[in-house]
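Structure, as structure tokens:
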Amino acid sequence: MRLLMETSSGKMASASEGRATTCRLRRELLGRPPRDGYGVYVYPNSFFRYEGEWRGGKKHGRGKLLFKDGSYYEGDFVDGEITGEGCQHWALTGNTYTGQFVLGEPQGHGVMKYQAGGHYEGELFHGLREGHGCLVDADGQVYWGSFHDNKRHGQGRMIFRNGDEYEGNWVRDQRQGHGMLRLVDGSTYEGQWHSGVFSGQGSMAHCSGVIYRGMWINGHPMAQATRIVILGPEVMDTAQGSSLTLTVQLQRDNGEVATSEDGRELEISAGVRYVQLPAYSEVSFFRVDDGLGQTPIQTPFGFQCISYPLSSPESGGPEPRAALESASADSPFPEGDPGGLPAGRHEPSCPGNRRRAEQGCVQFSDVRLGPPPPGYHAVLFLEGLREVGSRPRGQDHGGTMPIAQGPPGGSRLDGVATAEPAAEAFPGEYVLMIRDVTTPPFLGHTLPTAFKHLRVLARGAGQQPHVPREDPKALS
């Protein structure tokens, strides 16, 4: 009995010692990584867990390193370091990179997918975009070109969300240096940039047909036209039935001609002075039928006008050759006038009453008032229009008003007579208007309308020819 008890006690002691040895060996195995082959190792700080190939106690070959926050790397290891081809996911940002690694960092060529949208494919260095690559952002904008320190830097091409396309130099994510921008509306700009805007010498071909060549400051053309000026005397006189030539300039704020501009489209139109007589509140120099719905236009001359037609060959005016000869003879501007178009240049053809500017200048030839249109009934006055026109501006309404006179052979019951239909404009006061009709407006801006006061004198009234005050040769 005693022998049996001693034998049993020995067996129990041996079993206890065996379990203790096994636990000690297990603790030793958990405290150090495997030597060679395939194995799983949880690091003492419990933040990392590796499962994969080992060599000499180091991660080497293919494996997967898991992080406690949910991030992971799966790919090549060399002597314990993440080096080679692999894929890494960052739980904090949600980004995923697949490509080349060096010493734990994305380096070389790879693809980075961003959780916010978009991706980058190209070269990286220390985890940043560096070298050549293609970046697609969350809005679908695409950039191909050079990168430095994770930013677009160097030569590159970008297509923006709205379809605009830029190709040129970049500096730290900004368009800077020389580049070309092609807008989706067909406009193009080529020249210097600074901080993402036009700045320096550059040329823009606008979709409206306007071309600007010159300096730009903070995205705005420095020598852009700001107003339209009709050259000539303050009040122009012309004989009834004759034509004239208008020279128009696009000027800057300082009064200089905007020679940097080409292609702005201008339209000429006319109006006749709108005069209401106190005794007949509905009567004007031209009584207009109610159905025409004419709205008076305010002029800078202290009176209103209503629209009036200009004559053209298509509407029964003079033929172009005859009109040109007449315009040359009656033109108030001498040959070689510095205010006219540059010598040897021809303005672009433009239909009807429109012309396009060249180097800030436009010339309208054969400007001729047409006959009164249907619905316009002229009112004749006893007082000569030459005397009315010779009064200083602003005194037309002072004193007595002109007295209406009936034409031979008939009169109205109210004492105001209307003239028979005429083949040409009646003597009187008219207005010529030059409008900027560039479509769409150049850089979103339309120039203000220019006005010129025109007096049509009766045939044989002995008008004095008008010459530009600024031309001493013509004055002599």
Side-chain angles (χ1 to χ4, degrees), residues 227-251 266-275 285-286 297-312 317-318 323-335 337-341 353 355 361-372 384-396 424-435 448-475:
R227 61 187 177 187
I228 304 171
V229 176
I230 306 173
L231 299 186
E234 187 175 0
V235 180
M236 298 181 67
D237 290 342
T238 184
Q240 185 179 13
S242 65
S243 63
L244 51 86
T245 295
L246 288 185
T247 298
V248 179
Q249 289 183 348
L250 304 180
Q251 294 185 358
L266 304 181
E267 180 183 74
I268 185 171
S269 60
V272 63
R273 180 167 181 172
Y274 182 76
V275 181
F285 176 75
F286 272 92
I297 303 169
Q298 186 62 48
T299 72
F301 311 123
F303 60 82
Q304 293 179 324
C305 68
I306 53 176
S307 63
Y308 191 88
L310 290 171
S311 177
S312 65
L324 183 60
E325 293 173 355
S326 175
S328 300
D330 298 331
S331 173
F333 304 104
E335 286 188 33
D337 177 46
L341 289 171
N353 54 348
R355 299 288 184 273
C361 294
V362 175
Q363 193 170 64
F364 289 91
S365 301
D366 189 29
V367 177
R368 188 190 303 264
L369 296 172
L385 285 169
R386 278 181 298 162
E387 299 177 10
V388 176
S390 63
R391 297 175 184 169
R393 195 191 311 170
Q395 298 182 9
D396 296 315
E424 57 189 21
F426 284 99
E429 293 184 87
Y430 296 82
V431 176
L432 296 176
M433 294 167 280
I434 305 293
R435 293 184 174 90
T449 300
F451 295 84
K452 178 63 69 175
H453 192 174
L454 177 67
R455 292 186 301 195
V456 175
L457 306 181
R459 294 181 185 276
Q463 73 173 78
Q464 295 294 323
H466 279 259
V467 293
R469 298 176 183 175
E470 61 270 25
D471 191 339
K473 293 181 180 179
L475 288 174

Can you name the closest pair of heavy atoms from [X] and [Y] and give their distance?
| X | Y | answer |
| --- | --- | --- |
| Met433 | Gly271 | CE-N, 3.8 Å |
| Gly370 | Tyr308 | O-OH, 2.6 Å |
| Ala270 | Leu369 | CB-CD2, 3.8 Å |
| Ser269 | Arg435 | OG-NH1, 2.5 Å |
| Ala425 | Tyr430 | CB-OH, 3.8 Å |
| Pro309 | Pro371 | CG-O, 3.7 Å |

Plane angle bin for His453 and Phe301 - parallel if under 30°, tilted between 30 and 60°, otherwise perpendicular:
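Judged by the thresholds at 30° and 60°, the geometry between Phe301 and His453 is parallel.
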
Closer than 3.5 angstrom, by distance alone: can the side chain of Lys452 be matched with the main-chain N or O of Pro233 as a donor-acceptor pair?
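Yes, the answer is positive, given that a donor and an acceptor are paired below the 3.5 Å cut-off.
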
May I ask you to decide if Val456's main-chain N or O and Gln240's side chain share a donor-acceptor pair within less than 3.5 Å?
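No, Gln240 side chain to Val456 backbone: no donor-acceptor pair under 3.5 Å.
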
Among all residues two or more places apart in sequence or in another chain, which pass the side chain to side chain donor-acceptor pair (under 3.5 Å) test with Gln251?
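Arg227, Gln249.
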
Among residues at least two apart in sequence or on other chains, which ones pass side chain to side chain donor-acceptor pair (under 3.5 Å) with Thr299?
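Thr299: no side chain to side chain donor-acceptor pair (under 3.5 Å) contacts found.
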
Spacing of CZ belonging to Arg368 relative to CG belonging to Leu310, to within rounding of 0.5 Å
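Nearest 0.5 Å value for the CZ-CG distance: 11.0 Å.
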
To the nearest 0.5 Å, how far apart are CG in Leu454 and CG in Asp237?
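So the CG of Leu454 and the CG of Asp237 are separated by 8.0 Å.
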
Does some side-chain heavy atom of [Y] sit less than 4.5 Å from a side-chain heavy atom of [X]?
| X | Y | answer |
| --- | --- | --- |
| Phe364 | Ile434 | yes |
| Ile228 | Thr449 | no |
| Val229 | Val248 | no |
| Ile268 | Leu266 | no |
| Leu432 | Met236 | no |
| Val431 | Ile297 | no |

